[in-house]
Chemist: 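Quick one: the structure is below, questions incoming.
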Amino acid sequence: MPHPESINPPLVVFGSVNIDVVARLKHLPAPGETLHALGAHLGLGGKGANQAVAVARLGASVVLAGRTGDDMFADYARAALLREGVNSDHLLRTPQDMTGLAMICTDAAGENSIAVAGGANMTMDESDVERLVPLLSANAVVLMQCEIPMDVILAAARRIAAIGAMLVLDPAPVPAAGLPDALFGLAGVMTPNETETELLTGLRPHDVDSALEAARRLHARGLERAIVKLGARGVVFSDAGGHGFVPPFRVTAIDSVAAGDCFNGGLAVALSRGMDLGHATRFAAACGALATTRKGASEAAPTLAEVEALLAGQP
């Protein structure tokens, strides 16, 4: 199987940047319950930043376009991105806004609950789309998520499609109103988990057959390639060439915060290197599995060597 290497032109991530405040707990708090944390830390987060770091750790060049505030959290984010080798020249600093902030609780089983204050992420507008366009080319792969305004996502998706680039869309979090119908026809691939799949299709997948039925419903809405993530039960993929299932990797999960973003970062890198959907999904699943073995968000992203070792050990 081919493996991803550094690419030119770089991958582009258009999306959110947050600072994560993470608390580790024995169990997630019930409504009204106050718990003493086993530990806590600050880290770089936001789905855009997480995916950019995931791409960079796999050895690919990546540009992150988005917004932060003009505060100490913006300084923290930029320093962290610089350490990871992410090009943040197109990350706009806006004095009137705060940098996005996420409050995350994780339990002993690796499950999590997250509350996000979008801050500068939610002030993105058409001007940010115009700043994105010069970064695009017909062979570019662009990662987007749903932590920025939906009208901006849709406008960016239209420009990406017009240029002929590939959009990898992580539909998380799914807005209360769902996704615009047009977005399904513009995305090259979409990667919902069980909860997101239910919100998009009305069906909560629990096994391969139900995931394939959900994928068919996504295709019916105009989506070319669908990947339905089943968490610890594996991943189903489907496109015009067929469908398949990637079984779960044998790892010891302690924190699932970064799994989805590392999956998407790995998927984008694999697709950019010409892998078919099946091989790209397996590579991405290995990235996501390894991310669950570490605490934190962007700092949990695996390296290419670690992913290749896991793939070789679990054929």
Side-chain angles (χ1 to χ4, degrees), residues 7-18 44-56 60-71 73-75 77-78 81-82 85-100 116-173 175 177 179-190 222 224 261 264-265 268 271-272:
I7 64 170
N8 187 27
L11 284 91
V12 179
V13 179
F14 186 64
S16 57
V17 178
N18 291 332
L44 177 68
K47 287 186 169 297
N50 291 344
Q51 291 176 13
V53 171
V55 169
S61 298
V62 58
V63 176
L64 173 60
R67 293 195 190 194
T68 67
D70 187 15
D71 50 30
F73 289 138
D75 296 334
R78 287 176 180 275
L81 291 165
L82 180 63
V86 175
N87 181 339
S88 58
D89 292 346
H90 299 271
L91 196 56
L92 183 65
R93 194 170 181 127
T94 55
Q96 66 272 28
D97 303 307
M98 65 171 285
T99 299
V116 178
N121 298 309
M122 298 310 295
T123 69
M124 291 178 65
D125 57 26
E126 186 70 30
S127 68
D128 296 283
V129 178
E130 295 304 316
R131 292 190 299 111
L132 170 68
V133 170
L135 303 177
L136 304 178
S137 61
N139 59 342
V141 177
V142 185
L143 280 155
M144 284 205 301
Q145 324 77 34
C146 293
E147 290 184 332
I148 61 177
M150 184 51 63
D151 60 334
V152 176
I153 293 171
L154 186 56
R158 286 177 170 141
R159 299 297 290 271
I160 291 165
I163 290 170
M166 179 190 298
L167 171 58
V168 177
L169 180 63
D170 180 2
L179 298 182
D181 288 339
L183 203 50
F184 291 86
L186 295 168
V189 59
M190 201 176 290
E224 179 183 358
D261 293 329
N264 280 277
L271 291 173
S272 75

Chemist: Nearest 0.5 Å, please: how far is CD in Glu126 from CZ in Arg131?
Modeler: 12.0 Å
Chemist: Contact between Val53 and Val86 at the side-chain level, heavy atoms closer than 4.5 Å - yes or no?
Modeler: yes
Chemist: Compare all side-chain heavy atoms of Leu82 with those of Ser88 and state whether any distance is below 4.5 angstrom.
Modeler: no
Chemist: So does Thr68 get a backbone contact from the side chain of Thr94, meaning a donor-acceptor N/O pair under 3.5 Å?
Modeler: yes
Chemist: Do you know the tightest heavy-atom contact between Leu135 and Val63?
Modeler: CD1-CG1, 3.8 Å
Chemist: Atom CG of Asp70 and atom CG of Asp97: how far apart are they, to the nearest 0.5 Å?
Modeler: 10.0 Å
Chemist: Hey, is Asp89 close enough to Arg78 for a salt bridge, meaning N to O under 4.0 Å?
Modeler: no
Chemist: Do Val189 and Leu169 have side chains that approach each other closer than 4.5 Å (heavy atoms only, starting at C-beta)?
Modeler: no
Chemist: If you round to the nearest 0.5 Å, how far is CD1 of Ile160 from CG of Leu186?
Modeler: 9.0 Å
Chemist: If you define the side chain from C-beta out and look only at heavy atoms, does anything of Arg158 sit under 4.5 Å from Ile163?
Modeler: no
Chemist: Dump the intermediate steps for side-chain contact (heavy atoms from CB on, under 4.5 Å) on Leu271 and Met166, then the final yes or no.
Modeler: CA-CA 9 Å; Leu271 291 173; Met166 179 190 298; 3.8 Å; yes
Chemist: What closest approach, in Å, do Ala60 and Leu11 show between heavy atoms, and which atom pair accounts for it?
Modeler: CB-CD1, 3.9 Å
Chemist: Heavy atoms, side chains only, cut-off 4.5 Å: are Asn121 and Asn18 in contact?
Modeler: yes
Chemist: Within the 4.5 Å heavy-atom criterion, are Asp261 and Asp170 side-chain neighbours or not?
Modeler: yes
Chemist: Closest heavy-atom contact between Phe14 and Val129?
Modeler: CZ-N, 4.2 Å
Chemist: Grab the two heavy atoms, one from Asn50 and one from Gly45, that are nearest each other, plus how far apart they are.
Modeler: OD1-CA, 3.2 Å
Chemist: So, for Ser61 and Val55, which heavy atoms are closest and what is the spacing to 0.1 Å?
Modeler: O-CG1, 4.3 Å
Chemist: Which side-chain N or O atoms in residues 143-157 pair as donor and acceptor under 3.5 Å with protein atoms at least two apart or in another chain?
Modeler:
| residue | atom | partner | partner atom | Å |
| --- | --- | --- | --- | --- |
| Gln145 | NE2 | Gln51 | OE1 | 3.2 |
| Glu147 | OE1 | Ser16 | OG | 2.5 |
| Glu147 | OE1 | Lys47 | N | 2.9 |

Chemist: Taking Asp71 for the side chain and Thr99 for the main chain, is one N or O donor matched with an acceptor at less than 3.5 Å?
Modeler: yes
Chemist: Work out which heavy atom in Leu64 is nearest to a heavy atom in Ala52; give both atom names and the distance.
Modeler: CB-CB, 4.3 Å
Chemist: Is there side-chain contact between Met98 and Phe73, with at least one heavy-atom pair below 4.5 Å?
Modeler: no
Chemist: Please test Asp125 against Arg67 for salt bridge (Lys or Arg N to Asp or Glu O under 4.0 Å), starting from the C-alpha separation and ending with a verdict.
Modeler: CA-CA 10 Å; Asp125 57 26; Arg67 293 195 190 194; 3.3 Å; yes
Chemist: How far does OG of Ser272 sit from CG of Asn139, to the nearest 0.5 angstrom?
Modeler: 9.5 Å
Chemist: Nearest 0.5 Å please: distance from the CG atom of Leu136 over to the CZ atom of Arg159.
Modeler: 8.5 Å
Chemist: Run the numbers on Val168 and Asn264 for side-chain contact (heavy atoms from CB on, under 4.5 Å), then give the verdict.
Modeler: CA-CA 8 Å; Val168 177; Asn264 280 277; 3.9 Å; yes
